[in-house]
Amino acid sequence: MTAAAMESTIVALLDPGKGILAADESLPTIGKRFGALGIPPTAENRRAYRELLFTTPALGEFISGAILFDETIHQRATGGEPLSETLARQGIIPGIKVDGGTMALPGFAGERVTQGLDGLRERLTAYRRLGARFTKWRAVIAIGEGLPTAACLEANARSLALFAALSQEAGLVPIVEPEVLMDGDHTLERCEEVTSLALRTVFAALFQHRVALEVILLKTGMVLPGRDCPRQADRGEVAWATLQCLRRAVPPAVPGIVFLSGGQPDVVATERLDAICRSGVVPWKLSFSFGRALQDAPLKTWNGSPAKVAAAQAALHHRARCNGLALLGEYSDLAEIESKVAKATP
Ligand code: 13P
């Protein structure tokens, strides 16, 4: 695949008013989400749940791409069609999480490094044959006393850069995701400082590894105070800190920045996305690549019951629409209520 094909994937992923559905929870993570609701973590339940998400009527109105987990890209919908083709029929581009999760960084208590480079070149070729057009690799950066260390930032940046270079070699658009975690009582300012440092370290490594910035997407968190910080920030402060941080650290050659939700309540994530998207001119397209903030409502609604599939799909369509409106600066409290009423199934 040529650079032109990767560019057209990017244009399609950044289609105005559309974002990415992150449905790439690893086996332990989806097990945790199912476990919280008492849903047995079987392969069939995971398949049925992902089929529910991907067959949501008109999901392609607001969702341009979906990130799959390895198991899912090999699974089929009820009628026998591969789930990646089900997505493609909805006009949604299939992507794939290719990292192998995180492991404790030896010698650095409380820090983790992402694994999964071994055999990645061959896996990327196989994923392309299975229909994937983009990839994702997530690194996690914790904020704490003396954290993050330079060693953690650099080890993760190096792996992200190798992942991105290998993806581009295979003709797949890499989504480069250094996630600064919300855990802790740090301030908004501290999150901005760490996010900025993490991004600068990542872009230095991308540059060194000759990654073409024009054909990556950056996936990052919003700049937020820690979950336990006594002084929380309003959406205006979040938007301001997030954009200041990104303007200072992300080169304008990057075509798009997609936000993760990171454990924020779903409506709050939409409100903050809306505030960010209303805050003036930026050199990149902005979008979302939410996991929990898109899936919390449909997963709770479904709760493992075939009778609830349509209601769960309505809940997903509603959240996707609200986030799509936020990208266009058209989200409001009224839109939140109206689209819910319009899509509600009896
Ligand atoms: P959340 O939106 O739930 O943070 O998930 C996004 C994601 O893909 C994390 O890698």
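On a predicted model such as this, the values are computed, not experimentally measured, just so you know. Quick note: residue numbers are just sequence positions, from 1.
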| request: List the steps and the verdict of salt bridge (Lys or Arg N to Asp or Glu O under 4.0 Å) for Asp274 and Arg272. | output: CA-CA 5 Å; Asp274 179 66; Arg272 288 170 171 165; over 6 Å; no
| request: In sequence, state the C-alpha distance, the side-chain angles, and the governing distance for Thr114 and Thr102, and then conclude on side-chain hydrogen bond (donor to acceptor under 3.5 Å, both in side chains). | output: CA-CA 4 Å; Thr114 303; Thr102 64; 5.9 Å; no
| said: Evaluate Leu325 against Thr270 for side chain to side chain contact (heavy atoms under 4.5 Å, CB included), listing each step before the verdict. | reply: CA-CA 9 Å; Leu325 289 174; Thr270 308; over 6 Å; no
| field | Criterion side-chain hydrogen bond (donor to acceptor under 3.5 Å, both in side chains) on Arg129 and Thr125, from CA distance to verdict | value | CA-CA 7 Å; Arg129 282 205 199 97; Thr125 308; over 6 Å; no
| said: Please determine whether side-chain hydrogen bond (donor to acceptor under 3.5 Å, both in side chains) holds for the pair Arg33 and Gln295, giving the CA-CA distance in whole Å, both sets of side-chain angles, and the decisive distance to 0.1 Å. | reply: CA-CA 10 Å; Arg33 308 257 191 276; Gln295 292 187 56; over 6 Å; no
| Could you walk me through whether Glu61 and His317 pass the side chain to side chain contact (heavy atoms under 4.5 Å, CB included) check? | CA-CA 9 Å; Glu61 285 178 63; His317 188 273; 3.5 Å; yes
| said: Please evaluate residues Leu218 and Leu199 with respect to the criterion side chain to side chain contact (heavy atoms under 4.5 Å, CB included), reporting the C-alpha separation (whole Å), side-chain torsions for both, the decisive distance (0.1 Å), and the verdict. | reply: CA-CA 9 Å; Leu218 173 70; Leu199 291 173; 3.8 Å; yes
| field | Intermediate values then yes/no, salt bridge (Lys or Arg N to Asp or Glu O under 4.0 Å), Arg50 and Glu25 | value | CA-CA 11 Å; Arg50 266 73 182 244; Glu25 297 81 6; 3.0 Å; yes
| said: Before you tell me yes or no, could you show the steps for Leu316 and Leu59 under side chain to side chain contact (heavy atoms under 4.5 Å, CB included), namely the whole-Å CA-CA distance, both residues' side-chain angles and the distance that decides it to 0.1 Å? | reply: CA-CA 8 Å; Leu316 175 62; Leu59 190 62; 3.9 Å; yes
| query | Checking side-chain hydrogen bond (donor to acceptor under 3.5 Å, both in side chains) for the pair Lys308/Thr301: CA distance, chi angles, key distance, verdict? | reply | CA-CA 7 Å; Lys308 292 288 173 54; Thr301 306; over 6 Å; no
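The minimum heavy-atom distance between Ile92 and Ala66, with the atom names listed, is CG2-N, 3.6 Å. Taking both residues in full, the closest heavy atoms of Val180 and Ala198 are given as CG2-CB, 4.4 Å, listed atom of the first, atom of the second, then distance. For the pair Leu124 and Leu172, the tightest heavy-atom approach, listed with the atom from each and the gap, is O-CD1, 3.7 Å. When all heavy atoms are compared, the tightest approach of Leu206 to Leu160 is CD2-O, 4.4 Å. The shortest heavy-atom contact between Ser84 and Leu130 is OG-O, 3.2 Å. Residues Arg112 and Asn156 share a closest heavy-atom pair of O-ND2, 3.0 Å.
For the atom pair Glu51 CD and Glu44 CD, the distance stands at 8.5 Å (nearest 0.5 Å). One finds the OG1 atom of Thr55 at 9.0 Å from the CZ atom of Arg89 (value rounded to the nearest 0.5 Å). Interatomic distance, CD1 of Ile257 versus OG1 of Thr242, reported as 10.0 Å (0.5 Å rounding). Here CG of Leu188 is found 7.5 Å from CG of Leu224. Values are rounded to the nearest 0.5 Å. From Ser261, atom OG reaches atom CZ of Arg292 across 5.5 Å, with rounding to the nearest 0.5 Å. Rounding to the nearest 0.5 Å gives a distance of 10.0 Å between CD1 of Ile20 and NZ of Lys136.
Between the side chain of Asp15 and the main chain of Lys18, no donor-acceptor pair closer than 3.5 Å is present. A donor-acceptor distance shorter than 3.5 angstrom exists from the side chain of Asp99 to the backbone of Gly101, with no hydrogens or angles considered.
Between Leu83 and Thr72, the closest side-chain pair of non-hydrogen atoms falls below 4.5 Å. Annotation: side chain of Phe290 is not in contact with side chain of Leu260 (no heavy-atom distance under 4.5 Å). Residues Arg47 and Glu71 form no side-chain contact, since every pair of their non-hydrogen atoms from C-beta on lies 4.5 Å or further apart. Side-chain contact between Val250 and Trp284 is present, with at least one heavy-atom pair separated by less than 4.5 Å.
By the neighbour-count criterion of 12 heavy atoms within 6.0 Å, atom CZ of Arg121 is sparsely surrounded, having that number or fewer from other residues, nucleotides or ligands.
Side chains of Thr220 and Glu179: no donor on one and acceptor on the other come within 3.5 Å.
Salt bridge present: Arg231 and Glu237 bring a charged side-chain N and a carboxylate O closer than 4.0 Å.
Using cut-offs of 30° and 60° for the angle between ring planes, the Tyr127 and His74 rings count as tilted.
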